[in-house]
2 protein chains.
Amino acid sequence: MNSVAASEPVARRRQARSEATRTALLDAALHEFAAHGFEGASTRSIATRAGTHQPQINYHFDSKEALWLAAVEHLFTRLDEAMQRHLPNGIDQGFGPDVTRTTFAAGVRSFVRAVAELPELNRIMVQEATIGSDRLSMIVEQHTRQRYQQLAGSWRTLRDRGEVADLDETVVYYSLIGAASLPYVNAPEARLLGLDTTTDVFVEAHADALVTLFLGPEGGSEP
Amino acid sequence: MNSVAASEPVARRRQARSEATRTALLDAALHEFAAHGFEGASTRSIATRAGTHQPQINYHFDSKEALWLAAVEHLFTRLDEAMQRHLPNGIDQGFGPDVTRTTFAAGVRSFVRAVAELPELNRIMVQEATIGSDRLSMIVEQHTRQRYQQLAGSWRTLRDRGEVADLDETVVYYSLIGAASLPYVNAPEARLLGLDTTTDVFVEAHADALVTLFLGPEGGSEP
DNA sequence: GTCTATAATTAGATAGAC
DNA sequence: GTCTATCTAATTATAGAC
């Protein structure tokens, strides 16, 4: 009689628990892949960190590789969200087609704050970008190429207007990303050197410094 | 009678061959560790790349970890040699106590050229600096701390003289290293984007760009 | 959906012939 | 010194009970 009415909450509870382990596995995977690389991270340690058992990975995802793909997808979504959140009101895109010195400066600042928040992203990027794998091709086609074209194009626009230094846009792209991410990628090394790069004070000083380096001491003011 | 006289060349030939496999193992180890990380690189693939067999690693080195240590030691020696070689005549230290805008600029240029030559170094550094391991502690105490103090100290000196922008030296340290190394660490990704960062043209444009960014458009000229 | 048990493969390291 | 053969432990993935 009430078997249908009573079974629904049970199914919903099971579904909620399933979603919870899936999310826990994703978060744990990010941490382990970032720390040890794809080959170095073991599915056992990921499952243990997620508070569950190793076969759950093959149940919720098809394979270790599928788990990696889902984790990276999740990470880039969080990057977009973080960059948007760290942009000031009134600016909705730092490196878009309507770029100005002001929006570029805001883009640099939001990018620094976002990568400081998500060190796993650049750790995984560096580990994969180091060898030519299918995983690297996937990242480039799905995520990197578009961002590269936006940032490089923005610099070219500003440079053609004479509003920034006469530097090659591909050089600027890699220099900016490298300069923005290394303090957070290498945070454990910085700790051993007596530095804490995870504080707001450091992140803001770092963001200000990159604006000064790339746009000059007048920062993001218009010419 | 001639057993002693004849056996010497044989022993010498054996010793030479032994040294050759040792060196081949070191080079192969650098490549594999840089590509896959410490855990991800297998001693079998290292031995195969070196043209020998896996047990040779435990014969010539005590363990996988000992091989890693020897490889990193070798790598920093090559970094020193490369940086010295890329300095112009008359300047024997870019970031030493006698730093000027001229020597700093020369140091930046020689550093860019050196890391372009040795992408394995920064790949291994990033992989290890990402987690707190005994290997990271060893790198920091043996190699990184001294270089950090030299570079940061040089920037502080120039800044206190008012010869460079008023930027925190720790921010400058990580920004400079990140900006200098990423195009070569991520060279496979750059290839997928249609860029070749391994050409002399790129490396020199990159070196010039970093001098412009950190020392201004007048480059390394004295104030 | 989650668990235990286990299959199949591969890892680093060692033994012993040559 | 270098090789083949092998040990032990750890890996990813699967089977099947609950």
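By convention in this document, chain letters (A, B, ...) are assigned in the order of the sequence lines, proteins followed by strands, and residues within each chain are numbered from 1.
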Contact span of DNA chain C against chain B, any nucleotide atom under 4.0 Å from a heavy atom, 5' to 3', runs C/dA11 to C/dT14
Atom CD of A/Gln56 and atom P of D/dT14 are separated, to the nearest Å, by 14 Å
Taking B/Ala41's backbone N and O only, do any of them form a donor-acceptor pair with B/Lys64's side chain (distance below 3.5 Å, no angle check)? yes
Look at B/Asp27 together with B/Arg49 and state whether they make a salt bridge at an N to O cut-off of under 4.0 Å.
no
* To do: Decide, yes or no, whether a salt bridge links B/Arg78 with B/Glu117 under the criterion of side-chain N to carboxylate O below 4.0 Å.
  => no
How would you label the contact of A/Gln15 with the nucleic acid (heavy atoms, under 4.0 Å): base, sugar-phosphate, or nothing? nothing
- Item | Donor + acceptor pair across side chains of A/Ser45, A/Ser42 (<3.5 Å) | yes
Exercise for the section: State whether a side-chain donor-acceptor pair under 3.5 Å links B/His36 with A/Gln127. Expected result: no
When rounded to whole Å, the NE2 to P distance for the pair A/His53 and D/dT11 reads 16 Å
Those residues at least two apart in sequence (or on a different chain) that pass ring-ring contact (aromatic ring centres under 6.0 Å, His included) with B/Phe61 are none
A/Ile46 CD1 to D/dT11 C1', in whole Å, measures 12 Å
By nearest-heavy-atom nucleotide on DNA chain D, the more 5' of B/Arg44 and B/Arg17 is B/Arg17
- Message: Counting the atoms with a prime plus P, OP1 and OP2 as sugar-phosphate, which does B/Ala47 contact under 4.0 Å by heavy atoms, base, sugar-phosphate, or nothing?
- Response: nothing
- Query: Which part of the nucleic acid, if any, lies within contact of A/Ala41, taking any heavy atom under 4.0 Å across all strands shown: a base, the sugar-phosphate backbone alone, or nothing?
  - Reply: sugar-phosphate
Rounded to whole Å, NZ of A/Lys64 lies from P of D/dT14 at a distance of 14 Å
Rounded to whole Å, the CD1-P distance (A/Ile57 to D/dA13) equals 9 Å
